[in-house]
Amino acid sequence: MTEYDLIARGYSNSKRLPFRDHVERYTLLQTLGNVRGARVLDLACGDGFYTRLIKKAGALSVTGVDLSSEIIRLAEENERRQPVGYSYVRADAADFRPDQPVDLVVAAYLLNYAHTQAELIRFCRVCSGVLRPGGRFVGVNDNPHLPPDGSVSYLKYGFDRRCDQIPPHDGDLIRYTFPTADGSSFGFTNYYYSVGTYESAFREAGFRKLRWVPVTLDPAQTGDVFWDDFMRHPPIVGFSADLEA
């Protein structure tokens, strides 16, 4: 049983938080650009939130991969309820290999789950290994440019983000906690790695220069001061990298 088997429903519900829609989703979809006709692999797909959106955007095929059997069950449940034509596989992203190379790998919060620097490199190599030459790797991640230092609260956005070690070093734990409506909470652990460590891992995996993509607020929310703290101190960041042709 994985950590996410125990919190699957709560994590799925957290996708409805406003920051997911107006910052996370907006940033990722802007970074992805046109996916029409692409073969896509969504690693650490969760309940298929982005898998569905990418298929609806015109991707030729999309396969979601996640380690949690309960998360995959929710993804399959969503597909039965509203079929859009994607598939799911329960597997460890660090070991998965599709039947044929893909044009695009998407990973929302995969890399920040690497327990060690070696595992981070392994994740990156898996992504480069499944891409066609010139393919792209795009995702969102815990923001290594702005590690937790205890000075910013994200509770009004629906979560808390803390690190025991300040400043953190490679491999230190980052804990996310999400309060729920019934007064309880659920959470999960990420791992901090420096910007340089991420960039080195991408290079070792054969990617051209890693491009960090600052989060962008949905223009429909422009002028709403509610977002000021989040956008001044973004806890998440986008990224994009091309595989050598």
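Note: hydrogens, waters and symmetry copies are ignored here, and every other heavy atom, side chains too, is used. The chain is numbered in sequence order, starting from 1.
For Asp182, the salt bridge (Lys or Arg N to Asp or Glu O under 4.0 Å) test picks out no residue, with sequence neighbours left out. Applying the ring-ring contact (aromatic ring centres under 6.0 Å, His included) test to Phe49 and every residue at least two apart in sequence or in another chain returns nothing. Not counting sequence neighbours, the partners of Tyr191 by the ring-ring contact (aromatic ring centres under 6.0 Å, His included) test are His115. In this structure, the ring-ring contact (aromatic ring centres under 6.0 Å, His included) partners of Phe188, at least two apart in sequence or on a different chain, are Tyr4, Tyr11, Tyr176, Phe178. Taking the ring-ring contact (aromatic ring centres under 6.0 Å, His included) definition, one finds that Tyr193 meets it with nothing, sequence neighbours left out. In terms of the salt bridge (Lys or Arg N to Asp or Glu O under 4.0 Å) criterion, Arg36 has no residue partners (sequence neighbours excluded). Residues satisfying the side chain to side chain contact (heavy atoms under 4.5 Å, CB included) test with Pro168, not counting sequence neighbours, are Pro147, Cys163, Asp172, Tyr192.
Using a 4.5 Å cut-off between side-chain heavy atoms of Ile, Leu, Val, Met, Phe, Trp and Tyr, with links allowed through other members, Tyr109 and Leu32 fall into the same hydrophobic cluster. Side-chain heavy atoms closer than 4.5 Å link hydrophobic residues (I, L, V, M, F, W, Y) into clusters, and following such links, even through other members, never connects Leu146 to Tyr198. The same ILVMFWY cluster, assembled from side-chain heavy atoms under 4.5 Å apart, contains both Val102 and Phe137. Grouping the Ile, Leu, Val, Met, Phe, Trp and Tyr side chains by contacts below 4.5 angstrom, directly or via other members, places Phe123 apart from Val140.
Sorted by first and then second residue, the pairs that involve residues 59-91 and meet ring pair (Phe, Tyr, Trp, His ring centres under 6.0 Å), not counting sequence neighbours, are Tyr86-Tyr88. Sorted by first and then second residue, the salt bridge (charged side-chain N to carboxylate O under 4.0 Å, His left out) pairs with a member in residues 19-32 read Lys15-Glu24, Arg20-Glu24, Asp21-Arg25; sequence neighbours excluded. The salt bridge (charged side-chain N to carboxylate O under 4.0 Å, His left out) analysis of residues 48-67, with sequence neighbours excluded, yields no pairs. Applying the salt bridge (charged side-chain N to carboxylate O under 4.0 Å, His left out) test to every pair with at least one member in residues 131-141, sequence neighbours left out, gives these pairs: Asp103-Arg132.
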Problem - Check against side chain to side chain contact (heavy atoms under 4.5 Å, CB included), Arg9 and Asn13 - result: CA-CA 6 Å; Arg9 184 66 67 178; Asn13 291 339; 4.0 Å; yes
Exercise for the section: Take Phe96 and Leu41 through the test side chain to side chain contact (heavy atoms under 4.5 Å, CB included) and record every step on the way to the result. Expected result: CA-CA 10 Å; Phe96 184 74; Leu41 184 62; 3.6 Å; yes
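The distance from atom OG of Ser87 to atom CD of Glu76, rounded to the nearest 0.5 Å, is 10.0 Å.
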Under 3.5 Å, sequence neighbours excluded: what are the donor-acceptor pairs made by side chains of residues 231-245?
from	atom 1	to	atom 2	distance (Å)
Arg232	NH2	Asp229	OD1	3.1

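Annotation: Asp164, atom CG; neighbour count of heavy atoms from other residues, nucleotides and ligands within 6.0 Å does not exceed 12.
Of all the heavy atoms in Leu104 and Val35, the pair that sits closest is CD2-CG1, 3.9 Å. What you find for Asp95 and Val126 is that their closest heavy atoms are N-CG2, 4.5 Å. The two residues Ile166 and Pro148 come nearest to each other via the heavy atoms CG1-O, 4.0 Å. Minimum interatomic distance between Asp142 and Asn190 (heavy atoms only, all atoms of both residues): CB-OD1, 4.0 Å.
Using a cut-off of 4.0 Å between Lys/Arg side-chain N and Asp/Glu carboxylate O, Glu70 and Arg73 are scored as salt-bridged.
Aromatic pair Tyr154/Phe19: ring centres not closer than 6.0 Å. Aromatic ring centres of Tyr157 and Phe230: separated by under 6.0 Å.
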